[in-house]
Amino acid sequence: ITLLFYVQIVNDSYKLTARNQAFVFKTDYPPRGAIYDRNGKLLVFNQVAYDLMCVPRDMKGTDTLELCKILGIDKAEFIKRMIRMCGTLKNARYDYRTYIFEAQVLPELNARIQEKLYKFNGFFVQPRTVRKYPIPIAAHLLGYIGEVDERTMEKKPYYKSGDYIGTSGIEKGYEEYLRGTKGVSIKMRDVHNNI
């Protein structure tokens with residue numbers, strides 16, 4: 001009875017595992033805010049880009065050769081990326097974290113991936129925005145954005161691996177206002193892993 005009490009009440013790892021298997025949590029990223037000068041002239045805006053995301057545990061049955069062909073990489077590069085994400089290929093079967101497999105995929109390549117996405121279990125496309133500058137001036141003043149580092153993620157729990165953050169200039173100074181607020185889409189899946 002003591003072990004039963006511990007498993008059902010005290011230890012919530014089984015509950016979390018069941019929840020992670022039944023629900024798919026997908027982060028919805030807001031577009032970064034535009035930057036205007038004092039006269040209302042646009043200095044920085046967003047252009048849509050796509051990140052090809054990967055959940056290694058869900059990759060069973062994925063047509064890796066077809067995916068490699070679309071991305072223009074060979075099987076060795078695919079394996080190298082999987083090892084970089086999970087440590088070893090054996091760990092990939094148990095890793096439910098989400099990784100960026102290919103960053104900033106162009107819209108044309110995204111269209112080719114979307115056509116055959118049903119063959120790529122464990123992969124999905126995450127829309128993102130890329131900063132564009134209509135007038136190539138004041139780069140040091142406007143600043144840049146970059147992928148968030150480990151130290152920042154420890155200090156600010158808002159950021160997760162793969163998120164972008166202002167690293168200098170106005171982008172850094174007004175980060176709280178420009179980044180927006182992330183949302184979450186929750187999808188439920190059945191025992192056959194169908195959404």
Side-chain angles (χ1 to χ4, degrees), residues 13-32 46-132 145-154 157-165 182-195:
S13 64
Y14 294 108
K15 184 170 95 175
L16 291 173
T17 302
R19 191 182 85 158
N20 286 336
Q21 289 177 354
F23 296 101
V24 178
F25 297 89
K26 183 179 163 201
T27 304
D28 293 329
Y29 292 93
R32 282 184 74 84
N46 297 312
Q47 184 177 32
V48 70
Y50 305 93
D51 290 342
L52 181 61
M53 308 299 285
C54 170
V55 180
R57 184 187 68 180
D58 298 338
M59 287 179 49
K60 187 176 181 182
T62 295
D63 189 349
T64 55
L65 291 177
E66 183 74 28
L67 182 61
C68 289
K69 184 178 169 187
I70 290 173
L71 295 176
I73 61 174
D74 59 359
K75 184 90 176 194
E77 175 63 23
F78 181 89
I79 292 170
K80 188 170 133 185
R81 289 183 188 188
M82 292 305 297
I83 290 171
R84 191 173 7 150
M85 288 187 290
C86 304
T88 66
L89 288 178
K90 194 173 187 180
N91 291 345
R93 287 185 282 177
Y94 309 105
D95 195 345
Y96 60 87
R97 293 174 291 182
T98 303
Y99 298 97
I100 296 177
F101 190 80
E102 181 86 18
Q104 297 183 4
V105 174
L106 296 173
E108 299 82 24
L109 185 57
N110 175 47
R112 291 180 55 208
I113 292 169
Q114 291 288 355
E115 285 178 347
K116 301 193 177 185
L117 198 58
Y118 67 93
K119 292 182 177 183
F120 310 137
N121 297 331
F123 287 90
F124 64 93
V125 176
Q126 175 77 54
R128 289 286 187 118
T129 54
V130 178
R131 301 300 259 173
K132 291 292 180 182
I145 60 171
E147 197 167 329
V148 70
D149 60 359
E150 291 288 331
R151 196 165 22 120
T152 306
M153 285 188 289
E154 289 171 8
Y158 175 86
Y159 298 102
K160 303 289 180 221
S161 179
D163 285 356
Y164 294 104
I165 186 172
K182 289 190 274 190
V184 176
S185 298
I186 303 172
K187 297 179 181 176
M188 193 170 174
R189 60 180 158 201
D190 63 12
V191 294
H192 302 292
N193 210 19
N194 298 320
I195 299 295

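Each residue takes its place number in the sequence, starting with 1.
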Check D63 with K116, please: is the shortest side-chain N to carboxylate O separation under 4.0 Å?
no
If you draw a 6.0 Å radius around NZ in K80, do more than 12 non-hydrogen atoms from other residues or ligands fall strictly inside?
no
Between R112 and E108, does any NZ, NE, NH1 or NH2 come within less than 4.0 Å of an OD or OE carboxylate oxygen?
no
Where F101 and R81 come nearest, the two heavy atoms and their spacing
O-NH1, 3.0 Å
Close side-chain approach of Q47 and R131, heavy atoms under 4.5 Å:
no
Is a side-chain donor-acceptor pair under 3.5 Å present for Y158 with D163?
no
Return the minimal non-hydrogen interatomic distance between N121 and Y118, and the atom names on each side.
OD1-O, 4.0 Å
Tell me, with the steps shown, if K75 and L65 meet side-chain contact (heavy atoms from CB on, under 4.5 Å).
CA-CA 7 Å; K75 184 90 176 194; L65 291 177; 4.2 Å; yes
Inter-residue atom distance I113.CD1 - L67.CG, 0.5 Å rounding:
7.0 Å
Taking atom CD of Q114 and atom CZ of F120, what is their separation to the nearest 0.5 Å?
10.5 Å
Over 12 non-hydrogen atoms of neighbours within 6.0 angstrom of NZ in K69
no
Here's one to test your reading of the geometry: is the NZ or CZ of R32 within 45 degrees of the ring axis of Y164 and under 6.0 Å from its centre?
no
If you compare all heavy atoms of I165 against all heavy atoms of V148, which two are closest, and at what distance to 0.1 Å?
CG2-CA, 4.0 Å
Does D51 form a side-chain contact (heavy atoms from CB on, under 4.5 Å) with E102? I'd like the steps, not just the answer.
CA-CA 6 Å; D51 290 342; E102 181 86 18; over 6 Å; no
Please report the closest heavy-atom contact between L117 and F123, naming both atoms and the distance.
CD1-O, 3.9 Å
Evaluate C54 against M85 for side-chain contact (heavy atoms from CB on, under 4.5 Å), listing each step before the verdict.
CA-CA 10 Å; C54 170; M85 288 187 290; 4.0 Å; yes
side-chain contact (heavy atoms from CB on, under 4.5 Å) between L71 and L109, intermediate numbers included:
CA-CA 8 Å; L71 295 176; L109 185 57; 4.2 Å; yes
Can you see whether T62 engages K119 through a side-chain donor-acceptor pair at a distance of less than 3.5 angstrom?
no
Tell me the closest heavy-atom pair linking K182 and P30, and the distance in Å.
CA-CD, 3.9 Å
To the nearest 0.5 Å, what is the distance between CD1 (I79) and CZ (R84)?
13.0 Å
Spacing of CZ belonging to F124 relative to CE belonging to M53, to within rounding of 0.5 Å:
5.0 Å
Atom pair CD (Q126) and OH (Y50), whose distance is rounded to the nearest 0.5 Å
11.5 Å
With side chains defined as the heavy atoms from C-beta onward, is the minimum distance between P56 and Y99 less than 4.5 Å?
yes
Relative to the ring of F23, is the ring of F25 parallel (under 30°), tilted (30 to 60°) or perpendicular (over 60°)?
tilted
Return the minimal non-hydrogen interatomic distance between C68 and F78, and the atom names on each side.
SG-CB, 3.6 Å
